[in-house]
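By convention in this document, chain letters (A, B, ...) are assigned in the order of the sequence lines, proteins followed by strands, and residues within each chain are numbered from 1.
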Amino acid sequence: MTQFSDLKLDPKVLKAIAEAGYTTPTPIQAQAIPHALEGRDVLGIAQTGTGKTASFTLPLITRLGRGRARARMPRSLVLAPTRELAAQVAENFDTYAKHTRLTKALLIGGVAFGEQDKLIDRGVDVLIATPGRLLDHFERGKLLLTGVEVMVVDEADRMLDMGFIPDIERIFGLTPFTRQTFFYSATMAPEIERITNTFLSNPARIEIARQATASETITQELIELPATRRDGAAKIKREALRAIIEAEGDKLENAIIFCNRKVEVDILAKSLTKHKLDAAPIHGDLDQSLRTRTLERFRAGELRLLIASDVAARGLDVPSVSHVFNFDLPSHPEDYVHRIGRTGRAGRSGKAVSLMVPADKKYLDAIEQLLQRELPRGTAPQLDIGKPVAEPEAAKDAAPRRAHSVSKAKAAAPAPTPEPAAAPAEVASDTKETQNANLYNLDTAKAPRGGRGQSRQRQDNRGNDNRGAVVGMGDHVPDFLLREFRIA
DNA sequence: AAAAAAC
């Protein structure tokens, strides 16, 4: 089997790899690095957690080993869709370039220009950036991209989702066509295909087959919660979540809890904190320095619960998360896969628990359709609904305004707008019913629907010999995570 | 319908 020492990497890079404790490259590293070192373009079709980042940083550092940076003319450029991902690439670069004299700058939004300007003026070998901030620097005339020898586009499919493709095309156009290009995407949507045809030249196409021993590392569970009035769903979910967290006890070392909306992230983080749980929010409306600090605390094990929007769904490298919760089922089924992929990494076991209310049924259907299997149904915790816990009950009197707890959480937000025609009918009966149903014990284990699950297996195992391979610098990835998604 | 990313 290939070892890092068999690859023609710079000895200084090999030394740093060894010091980081790795000996064996992951499949994508073993396949991409030789082509990259020959100077070929690389098209990598792979998910996060496969060791993708090092598959470009290692040859990049090797290739830039000779030569020096000139002022305002970076020698290489790495583009990532989110600030956190860009920061992660920068860390990876630092790890493996530590015995070289190569320099880097991280250009992301949300932070001051001053320091970034200084680094660019001095000249950097590697520029790592999100597209918006990079173009901002360029337009201010601070930056020339004509010296770029190597360009990397990471997570291109996500760039597509986020509307960055025009920016990416423009940036490609600012770099010399003689550059070497590494391009990574989890899927090959037609638009992505078009870009690669335009900007890559005879690339080595590397597609990572899923690994044979898989998905046992993530235990998935769906908790179905009872129907309620619209504004009651979130509250019931919060209660259920707390009950589950409590029931997991010490097994829950740390967890990421995903919500679909930023406001929900804030409300949930506050609510959990109020209930004496160690929780903090992360989403795109929060100050960048806070985002960075929160993530650092979480990585360092100083924070147990990270409440997140989908800013954290993909790509974030948080090595050991014991649990992932979907407080809301994601509306894009691929996001389900990305979210739960934050646990069960590096061969460790992980648990992914999703909460569902009846209104989310359509999302569940889409997820099960994508996974080609049913999510195992778990038992809902017993909830003392009807007894006010720490949060005051929703208005019992006729006026169906909003729950006190919510209005409190929203105090900081701009003037609360009136609820657009709240659910009319069954309001009256609701309170009584929930009071009687003091205990919800929903054992809703359903017989699996017709055998659509098993029929389709292993068809995309491409016969690579990496089964059972020791996986260095990447993580163990369940097989269904590596399946290609169809873009609806 | 929402999230992310530029000021």
K.L.:
Hey, where on DNA chain B does chain A first and last touch, going 5' to 3'? Cut-off is any atom under 4.0 Å from a heavy atom.
P.N.:
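Boundary nucleotides touching chain A, in 5' to 3' order, are B/dA1 to B/dC7.
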K.L.:
Remember a base hit wins even if backbone is also touched, and classify A/Ser309 as base, sugar-phosphate or nothing at under 4.0 Å, heavy atoms.
P.N.:
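The answer is sugar-phosphate, as A/Ser309 gets under 4.0 Å only of primed atoms, P, OP1 or OP2.
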K.L.:
Regarding A/Arg291, tell me which of base, sugar-phosphate or nothing describes its non-hydrogen contacts under 4.0 Å with the strands shown.
P.N.:
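Touches sugar-phosphate only.
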K.L.:
Using side chain to side chain donor-acceptor pair (under 3.5 Å) as the criterion, list what pairs up with A/Asp154, not counting sequence neighbours.
P.N.:
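Listed in chain order: A/Lys52.
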K.L.:
With a non-hydrogen cut-off below 4.0 angstrom, is A/Gly110 in contact with a base, only sugar-phosphate, or nothing?
P.N.:
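Since only primed, P, OP1 and OP2 atoms lie under 4.0 Å of A/Gly110, the category is sugar-phosphate.
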K.L.:
Suppose we screen for side chain to side chain donor-acceptor pair (under 3.5 Å). Which residues come up paired with A/Ser289, at least two apart in sequence or across chains?
P.N.:
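Listed in chain order: A/Asp287.
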K.L.:
Give the table of side-chain donor-acceptor pairs shorter than 3.5 Å for residues 164-171 of chain A, with sequence neighbours excluded, one pair per line with atom names and distance.
P.N.:
unit_1: A/Glu169; atom_1: OE2; unit_2: A/Arg194; atom_2: NH2; d: 3.1
unit_1: A/Arg170; atom_1: NH1; unit_2: A/Glu139; atom_2: OE2; d: 2.9
unit_1: A/Arg170; atom_1: NH2; unit_2: A/Glu139; atom_2: OE2; d: 3.3

K.L.:
ring-ring contact (aromatic ring centres under 6.0 Å, His included): which pairs involve residues 117-136 of chain A, sequence neighbours left out?
P.N.:
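Listed by first then second residue: nothing to list.
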K.L.:
Show me the pairs that pass ring-ring contact (aromatic ring centres under 6.0 Å, His included) and involve residues 109-146 of chain A, at least two apart or across chains.
P.N.:
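ring-ring contact (aromatic ring centres under 6.0 Å, His included) check on residues 109-146 of chain A returns A/Phe113-A/His137.
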K.L.:
Determine the contact category for A/His283: base if any of its heavy atoms lies under 4.0 Å from a base atom, sugar-phosphate if only primed atoms, P, OP1 or OP2 are that close, otherwise nothing.
P.N.:
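Touches sugar-phosphate only.
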K.L.:
Between A/Phe182 and A/Phe56 (judged by ring centroids, cut-off 6.0 Å), do the two rings come close enough to count as a pair?
P.N.:
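Ring centres of A/Phe56 and A/Phe182 not closer than 6.0 Å.
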